[in-house]
Structure formats: structure tokens, C-alpha cells
Asks: 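Below: one structure in C-alpha cells.
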Amino acid sequence: QVQLVESGGGLVQAGGSLRLSCAASGRTFSSYAMGWFRQAPGKEREFVAGISRGGSRTYYADSVKGRFTISRDNAKNTVYLQRNSLKPEDTAVYYCAGRSSYVPGATTYDYWGQGTQVTVSS
């Protein structure tokens with residue numbers, strides 16, 4: 001099992017940038033494909049980005065493609081989500097998640113963090 005803890009959320013102005021981090025502990029981090037999801041107020045949780053175990057393959061939701069970048073550092077047991085050109089509609093609780101295999105666009109994950117709030121002001 002793997003435990004996930006997100007950090008880096010906060011308040012940012014529209015057009016700004018923010019990097020989220022997700023630190024993993026427990027079983028070997030590199031054994032898991034990782035993903036980021038978000039849930040805005042009153043909306044269902046949605047997939048944002050995914051990355052393979054080694055980090056060579058990534059997949060993004062159309063709504064964030066070109067603005068967000070997912071990456072990972074297996075030596076640090078951490079996955080990141082760099083978010084640029086932020087918009088008010090990016091306001092949400094952001095979650096990182098892990099699964100045993102990489103499937104582009106997969107939304108079913110086995111392990112979840114508690115989430116970190118990101119608010120983008122206009």
C-alpha cells in the first residue's frame with residue numbers, strides 16, 4: 001500500500017502559476033502509475049493528468065493540455081503538477097492518486113491523497 005500527501009495548494013491570481021507536489025510513502029513508489037484529479041465545488045471529480053511508472057509517458061485532459069505538466073521524481077518519491085496560465089475555473093481541490101499500471105486517461109485508481117485546495121482569483 002502507498003500513502004499519498006499533497007502540498008502546494010493556495011491562492012493564486014489568474015494567469016499565475018503554481019506547482020503541486022504529492023509525496024508518497026509505503027511501498028515502492030516507482031511501482032505505481034500516478035495521476036492528478038480535481039473536484040470543483042458542486043462538480044464531480046475529474047481526471048487532470050496521468051504519468052507512467054518511469055515518467056516517460058503522460059496523458060492530459062483536454063481542458064489542461066498545454067497549461068499543466070505532470071512529472072515525477074522516483075528518487076524523491078514525489079509526483080508534481082506544474083500549472084501555468086491558471087484560470088478561475090481551475091479552482092478546485094486537487095488530488096493525487098496511484099494505480100498499479102499505466103493506462104492513458106484511466107480514472108480508476110487504487111490509492112488517493114487527501115487533497116489540497118487551489119483557488120484562482122480573477
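Predicted model, so just to flag it, every value in this text is computed and none were measured.
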Asks: Verify side-chain hydrogen bond (donor to acceptor under 3.5 Å, both in side chains) between Arg38 and Tyr94, making sure each step is shown before the conclusion.
Replies: CA-CA 4 Å; Arg38 67 184 180 185; Tyr94 283 74; 3.0 Å; yes
Asks: Let's go through Thr78 and Asp73 carefully: what are the C-alpha distance in whole Å and the side-chain angles of both, what is the deciding distance for side-chain hydrogen bond (donor to acceptor under 3.5 Å, both in side chains) to 0.1 Å, and is it a yes or a no?
Replies: CA-CA 5 Å; Thr78 303; Asp73 186 338; over 6 Å; no
Asks: Are Tyr95 and Tyr102 grouped together when hydrophobic residues (ILVMFWY) are joined by side-chain heavy atoms under 4.5 angstrom apart?
Replies: yes
Asks: Could you state whether Tyr80 and Val12 fall into the same hydrophobic cluster, counting links through intermediate Ile, Leu, Val, Met, Phe, Trp or Tyr residues with side-chain heavy atoms under 4.5 angstrom apart?
Replies: no
Asks: If only atom types and distance count, is the side chain of Arg53 paired as donor or acceptor with the main-chain N or O of Ser100 below 3.5 Å?
Replies: yes
Asks: Using only atom types and a distance under 3.5 Å, with no angle test, would you say the side chain of Ser17 pairs donor to acceptor with the backbone of Asn84?
Replies: no
Asks: Treating Arg67 as the side-chain partner and Ser85 as the backbone partner, does any N or O pair qualify as donor plus acceptor under 3.5 Å?
Replies: yes
Asks: Using a strict threshold of under 4.0 Å (side-chain N to carboxylate O), is an ion pair present between Lys87 and Asp90?
Replies: no
Asks: Within the structure provided, determine whether Leu86 and Leu18 are in side-chain contact (heavy-atom separation under 4.5 Å).
Replies: yes
Asks: Should the pair Phe47 and Phe37 be assigned to parallel (<30°), tilted (30 to 60°) or perpendicular (>60°) ring geometry?
Replies: perpendicular
Asks: Within 45° of the six-membered ring axis of Trp112 and under 6.0 Å from that ring's centre, is NZ or CZ of Arg45 located there?
Replies: yes
Asks: Evaluate the ring planes of Tyr32 and Tyr111, with Trp represented by its six-membered ring, and classify them as parallel (under 30°), tilted (30 to 60°) or perpendicular (over 60°).
Replies: perpendicular
Asks: Is any side-chain heavy atom of Val118 closer than 4.5 Å to one of Thr91?
Replies: no
Asks: Using a 4.5 Å cut-off on heavy atoms from C-beta on, say whether the side chain of Ser21 contacts that of Glu6.
Replies: no
